[in-house]
Amino acid sequence: MLVSYKLLKEIVDFPNDVTPFDIADKLTFHGVEVEEVIPLAQATNLTTGKIISCEKHPDSDHLHLLEVDCGEHGIYNIVCGAPNARKDLKVIVALPGADLKAKGLVIKPTKIAGYESNGMCCSLSELGVNEELLSEAQKNGIEELPEDTELGNDDVLGLLGLDDTILNLNILANRPDLSSVLGIARELSAIYSCSYKKIENIQVEKDNKIKVTSLTPKCLSFGLLEVETDGKIVESPAKLKQYLIALGYRPISLAVDLGNFMMAITGQPYHFYDLDKVKSLNGHNEFVVKDDFEGELETLADKNVKVEKGDIVVTDGITPMCLGGVMGLKNVETELTSTHFAIEAANFSYVQVRHTVKRTGLVSDSAQRFIKKVNPQLIEDSLLMLATVYKSIDPSFTVKSYSLYDEQETPNRLLPFSLESANHRLGGKFTHDEVAKIFKDLRFVWEDDKVLVPVDRPDIKEQADLEEEIFRYSDPSCLDNTLDKLPLTSGRRTAKQELVRKVREYLIANGLYEVVSYTLIDEKLDRSYRIFNEKEPSIRIGNPMTADHEYVRS
């Protein structure tokens, strides 16, 4: 999972001197593996300029002869092959001496096709940005800067939001709460004993004007916001686009961008439906989750897939609208001009989503998150958080109704805890105050012999989990490294183990050989092994990998 250092700094009130490498070290030694710490872009000696003259090269069909005004740096003659080079365009200029580390290129004054070139007009990929995150226009040409860009600005990476460092994290299955930027921010706020910013969500009452329900146990939670806008096309703010690129997403449109960004922030996948395209039996919008549909569907990826019984499908009662947890369908796709749409946040069976992805070959970020499990207790907060951010960007955004289907069991968040037992297991001498501080940083509420765990920590289920948190957030010097507290026991075999040993030694002493074989065998071997239990039925594997591994040996 990719996490932006700049974004973390906006959320967490770190001490002033904290660097990305400090964060990586802290996370690693608190049990969160950091695989890489990499700059988002790498380039030196850059500035901004304006093309004041653009002429075609007399001996080339694709080269241009440019004069570029770089403000205080002066005017540079540059030979450029980009198809979008034109007069009055504001551009990124790599001055002589610039080191474009991503391309292994150092810019020097040179001659290109007989003409002097004293610099280079750059694309984002030449600064190190992953090409997969760029539009076709950005891939095929130089970057076009806004018209109000100041000439001669040397902080080009800062101007474009590329002065960022990315932490590539390997999140283990036992910590699903860390599969989001907010989860990492909470972890770091506990590590550094500092606060983190919270979004004040807009308030929406559940009115269930749109009926939402599920006819399958594979979906026990389904939230839906009905929203409207004035239909004007609102472009994603530059800052949102910059963070999307940092998090590994390509900016597309406001709705798609916000869905991806808020999924990265909260860990909850979202899906958008154009309600003007949704039809229902009773004439009203209706959302019903099923798992008994069979047929072929066209997905948003322009791919037709065969849906089988068992696959989760969101329908309008009859017609499928989304392959639940995997991908939306074309028939209710939102467009740039959509004014009346629904935003879904649901929880789907991770087992079924994994089976559907494996069979259909459809891969999406949403599916990958559901496969790793999504916390069903955070659906409402996640929906309202997205609505709050959407409203801050598009003032015409209005929530018309909010529907929620929720049949999830409420987990037990009040756990018994004994400090004496914790010290015994950890081999430590932790005081009440030391443990109280750790629990406070983790937002756990400890009273008497009970600890109330936050709803976003589904991994904390018992005393041992609480002890693990004490261990992770403590100085190792607090632990006693001697074996004094280890109980002394004399080892011996059980009666059954002793009997097996005697039989084995007796048989070997009488000339027999002991055989250790594979657990899974074929049918012929299964019959030949049955000496003492011929009438006992064989156990056959339902989905054997090969015919030679079909039966469990007796």
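FYI, side chains are in, hydrogens and waters are out, and symmetry mates aren't considered; it's all heavy atoms of this structure. Quick note: residue numbers are just sequence positions, from 1. Values in this document were obtained by computation on a predicted structure and should not be read as measured data.
Proximity of V374 to Y350: side-chain heavy atoms (C-beta onward) are nowhere separated by under 4.5 Å. With contacts defined as side-chain heavy-atom distances shorter than 4.5 Å, the pair E235/L254 does not qualify. Side-chain contact check for T398 versus V227: every heavy-atom pair is 4.5 Å or farther apart. A heavy-atom distance below 4.5 Å is found between the side chains of E469 and R457. Residues I142 and C122 have side chains not in contact (no heavy-atom distance under 4.5 Å, counting atoms from C-beta outward). No side-chain heavy atom of E550 sits less than 4.5 Å from a side-chain heavy atom of D522. Contact check for E144 versus V91: no side-chain heavy atoms found under the 4.5 Å cut-off. In this structure, the side chains of L8 and V3 come closer than 4.5 Å at one or more pairs of heavy atoms.
In terms of modelled atom types and a separation under 3.5 Å, the side chain of Q242 and the main chain of L160 share a donor-acceptor contact. Using modelled atom types, no side-chain atom of K9 and backbone atom of S4 make a donor-acceptor pair closer than 3.5 Å. Side-chain atoms of R413 do not come within 3.5 Å of backbone N or O of P458 as any donor-acceptor pair. T149 contributes no side-chain N or O that, together with a main-chain N or O of L145, makes up a donor-acceptor pair within less than 3.5 Å. Panel note: side chain T319, backbone D316; no donor-acceptor pair is recorded below 3.5 Å. Panel note: side chain D381, backbone T266; no donor-acceptor pair is recorded below 3.5 Å. No donor-acceptor pair closer than 3.5 Å links the side chain of R553 to the backbone N or O of I521. The closest donor-acceptor contact from the side chain of E36 to the backbone of V34 lies at 3.5 Å or more, if one exists at all. The closest donor-acceptor contact from the side chain of S349 to the backbone of K218 lies at 3.5 Å or more, if one exists at all.
The two residues P251 and L133 make their nearest non-hydrogen contact at CD-O, 3.8 Å. Between A387 and I202, the shortest heavy-atom contact is CB-CD1, 3.7 Å. The heavy-atom pair separating L404 from N208 by the smallest distance is N-OD1, 3.0 Å. Closest heavy-atom contact between I210 and S403: O-OG, 2.6 Å. Heavy-atom minimum distance, A345 versus Y270: CB-CD2, 4.2 Å. Residue S125 comes nearest to L134 through the heavy atom pair N-CD1, 3.9 Å, listed as atom of the first residue, atom of the second, then distance.
By the ring pair (Phe, Tyr, Trp, His ring centres under 6.0 Å) test, Y551 is found to be paired with no residue, residues two or more places apart in sequence or in another chain being considered.
K198 forms a cation-pi arrangement with Y196, by the criterion of a distance under 6.0 Å to the ring centre and an angle within 45° of the ring axis. Under the 6.0 Å distance and 45° angle rule, K450 does not count as a cation-pi partner of F417. A cation-pi contact, defined as under 6.0 Å to the ring centre and within 45° of the axis, is absent between K206 and Y402.
At a cut-off of 3.5 Å, with distance as the only test, a side-chain donor of S236 or D257 sits close to an acceptor on the other residue. The closest side-chain donor-acceptor pair between S401 and E226 falls under 3.5 angstrom. Side chains of S366 and S364: a donor-acceptor N/O pair is absent below 3.5 angstrom, by distance only. Side chains of D394 and S396: a donor on one and an acceptor on the other come within 3.5 Å. One side chain, Q352 or T356, offers a donor N or O that lies under 3.5 Å from an acceptor on the other. With 3.5 Å as the limit, one finds no donor-acceptor pair spanning the side chains of D274 and T334.
The neighbour count for K197 NZ, taken as heavy atoms of other residues, nucleotides or ligands under 6.0 Å away, is above 12. Counting heavy-atom neighbours within 6.0 Å of K277 NZ, excluding the residue itself, gives a total above 12. Counting heavy atoms of neighbouring residues, nucleotides and ligands inside a 6.0 Å radius, atom NZ of K391 exceeds 12 of them. Atom CD of Q408 sits in a crowded spot, with more than 12 heavy atoms from other residues, nucleotides or ligands closer than 6.0 Å. Residue K139 places its NZ atom among more than 12 non-hydrogen atoms of other residues, nucleotides or ligands, all under 6.0 Å distant.
If you take OG1 on T546 and CG on L520, they are separated by 8.5 Å, rounding to the nearest 0.5 Å. Considering CG of L182 and CE of M262, their distance stands at 7.5 Å, rounded to 0.5 Å. If you take CG on L2 and CG on N168, they are separated by 5.0 Å, rounding to the nearest 0.5 Å. Annotation: the span from M1 atom CE to I171 atom CD1 amounts to 4.5 Å, rounded to 0.5 Å. We find the CG-OG distance between D526 and S538 to be 3.5 Å, quoted to the nearest 0.5 Å. Atom CG in L167 sits 5.5 Å away from atom CG in L169 (nearest 0.5 Å).
Residue K330 is tested with D302, T299, N304 for a side chain to side chain donor-acceptor pair (under 3.5 Å); the sole match is D302.
Ion pairing between E187 and R472 holds under the 4.0 Å rule for side-chain N and carboxylate O. A salt bridge does not link R250 with E131: every distance from a Lys NZ or Arg NE/NH1/NH2 to an Asp or Glu carboxylate oxygen is 4.0 Å or more. Here K6 pairs with D163 in a salt bridge; the nearest charged N to carboxylate O distance falls below 4.0 Å. Checked for salt-bridge contact, D456 and R443 meet the test: a charged N lies under 4.0 Å from a carboxylate O.
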Criterion ring pair (Phe, Tyr, Trp, His ring centres under 6.0 Å) on F14 and Y192, from CA distance to verdict: CA-CA 7 Å; F14 290 115; Y192 284 98; 5.5 Å; yes
Steps toward side-chain contact (heavy atoms from CB on, under 4.5 Å) verdict (L162, L124): CA-CA 9 Å; L162 300 176; L124 291 185; 4.0 Å; yes
CA sep, side-chain torsions, deciding dist, call: I92, E143, side-chain contact (heavy atoms from CB on, under 4.5 Å): CA-CA 7 Å; I92 303 167; E143 183 67 9; 3.8 Å; yes
Salt bridge (Lys or Arg N to Asp or Glu O under 4.0 Å) between E523 and R540, intermediate numbers included: CA-CA 9 Å; E523 187 176 9; R540 183 182 178 277; over 6 Å; no
Under 3.5 Å donor-acceptor pairs involving side-chain atoms of residues 287-296, not counting sequence neighbours:
| from | atom 1 | to | atom 2 | distance (Å) |
| --- | --- | --- | --- | --- |
| K290 | NZ | G317 | O | 2.6 |
| D291 | OD2 | T216 | OG1 | 3.0 |

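Ring geometry for F439 versus W446: interplanar angle over 60°, hence perpendicular rather than tilted (30 to 60°). In this pair, F341 and Y390 present their aromatic rings tilted. The plane angle is within the 30 to 60° band.
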